[in-house]
Amino acid sequence: MAVIEVRDLAKTYGAHTALHGVSFSVERGEIFGLLGPNGAGKTTTVECVEGLRRPDAGSVRVLGLDPTRDGRRLRGLIGVQLQEAHLPDALRVGEALELYASFYPAPRDPARLLAQWGLQDKRRTRFGKLSGGQKQRLFIALALVGDPRVVFLDELTTGLDPQARRATWELVRQMRDGGVTVVLVSHFMDEVAELCDRAAILDGGRVVAQGTPAELVAGAGARTTLTFRPTAPLDLDALAALPAVASVARDGETVEVTGGDRVTDQVTAFLARGGIVVANLRIHERSLDDAYVTITGGTK
C-alpha cells in the first residue's frame, strides 16, 4: 500500500522550471531513496511532499493527506531531518528533545532516543559544543521524537565517521522493520545500495530512472570489467566470442575484458577449460555508482 503518492508534480521559480511532471510512489514500510545531482529538484520535491512548499501543478498525498491543505494534521504524523539546520548554541541536548517532545500528544521517550543515538552522555551538553556528527545525530533524534509514521532524512550520514555511519544504517533498518516508512535523500551511492528498497533518480527536474538498486544498475547497462595477465598463450578471438563478452583488449601483457551479466563466470570458465593460470586478476563489478554516473551524465 502506497504511503506517498506523487503525480505530475511541477514547480517553477520565475523563469526556472524546477520540476517537470515528477511522479513516484513510496510503499508502506520501505526505505525509498531520492537521488540526483545538485539542482536536480530533490529538495523542491521533498519540500512539496512535506508541505513546506506549494507545487504549481500535480498532486501529492502522504498518508492520504494533501500536504498543502492538511499540513497541520500531517505534521503530527511525519518527522523531518534537514540537511542544514541549527539550534540556539546555549540549548542543551536533553532540553532540545524535551522541547520537541512537548509538541506531540504521544512522543517517544527522550531518554531512550538519547541512548539509541549515542547521545546519553551529551544530555547536558550545549548545542554549540557538539561536533558535526553529534549535531547530525541530534537532528535525527528530533525527527523521531514525535513517533512518526513517515520520516524524511536528508543527507543522513554527512559528517559521520565510517563506524558511526554503519551504526546509523542499522538504526534506520530498525526503523523500517518497526513499520516506519523512510524517504532518504542522499549523494552516497553505497548508502543507497545498502539501505534502500527502491529509489528514484532525478535529473533536470524529471524522474529519469526508478526501481530497486539492482534494477537501476541493470537498466543503466553498466559493465563488468576484468583485467588479468595470462601466464600462457590466450586465444583472444575465442575469448571475445563468449556470449557475455562485449570487448577484449590487450595492453602489453595485460588483457581487459568487459561485458554484461555472467561475464565473470564465462571468462573464468573459459580460462579453466584452457588450463590458463592468470596473475593480477582484478574484477570491477558494475555498481550503483556506475549506474548513477551513466544515468546522470557523471554529475552528483
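Just so you know, these numbers come straight off a predicted model, no measurement behind them. In what follows, every heavy atom counts, from backbone to side chain, and hydrogens, waters and symmetry copies are set aside.
Residue Val182 forms a side chain to side chain contact (heavy atoms under 4.5 Å, CB included) with just one option from Asp197, Leu195, Leu153, and that option is Leu153. Each of Arg165, Arg173, Arg166 was compared with Glu191 under the salt bridge (charged side-chain N to carboxylate O under 4.0 Å, His left out) criterion, and only Arg165 meets it.
Using a 30° and 60° split on the angle between ring planes, Phe103 and Tyr100 fall in the tilted class, from 30° to 60°. Using cut-offs of 30° and 60° on the angle between ring planes, the pair His86 and Phe127 is perpendicular.
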_Between Phe139 and Leu87, does the side chain to side chain contact (heavy atoms under 4.5 Å, CB included) criterion hold? Intermediate values first, please._
CA-CA 10 Å; Phe139 285 126; Leu87 292 172; 3.9 Å; yes
*Could you check Glu285 against Arg223 for salt bridge (charged side-chain N to carboxylate O under 4.0 Å, His left out), going step by step and ending with a plain yes or no?*
CA-CA 7 Å; Glu285 296 283 356; Arg223 301 285 187 174; over 6 Å; no
*Check step by step if side chain to side chain contact (heavy atoms under 4.5 Å, CB included) holds for Asp190 and Asp289.*
CA-CA 8 Å; Asp190 62 332; Asp289 200 74; over 6 Å; no
*asked:* Go through it in stages, so that I can follow the logic: the residues are Arg61 and Glu5, the test is salt bridge (charged side-chain N to carboxylate O under 4.0 Å, His left out), and I'd like the CA-CA distance, side-chain angles, deciding distance and then a yes or no.
replied: CA-CA 5 Å; Arg61 293 294 182 273; Glu5 292 273 3; over 6 Å; no
*Go through the steps to decide whether Asp109 and Arg112 satisfy the test salt bridge (charged side-chain N to carboxylate O under 4.0 Å, His left out), and finish with yes or no.*
CA-CA 5 Å; Asp109 179 9; Arg112 187 171 182 180; over 6 Å; no
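Applying the 6.0 Å contact sphere to CZ of Arg262 captures no more than 12 heavy atoms from other residues, nucleotides or ligands. Crowding of Arg250 atom CZ: a count of heavy atoms from other residues, nucleotides or ligands under 6.0 Å exceeding 12. The neighbour count for Asp251 CG, taken as heavy atoms of other residues, nucleotides or ligands under 6.0 Å away, does not exceed 12.
Among all heavy-atom pairs drawn from Glu27 and Thr181, the shortest one is O-CG2, 3.6 Å.
For Asp8, there are no salt bridge (charged side-chain N to carboxylate O under 4.0 Å, His left out) partners two or more places apart in sequence or in a different chain.
Using modelled atom types and a 3.5 Å distance limit, the side chains of Ser247 and Thr258 yield a donor-acceptor pair.
Although no hydrogens or angles enter the test, the distance criterion places a donor-acceptor pair under 3.5 Å between the side chain of Gln134 and the main chain of Ser131. Side chain of Gln266 to main chain of Ala244: a donor-acceptor pair is present (N/O by atom type, distance under 3.5 Å, no hydrogens or angles).
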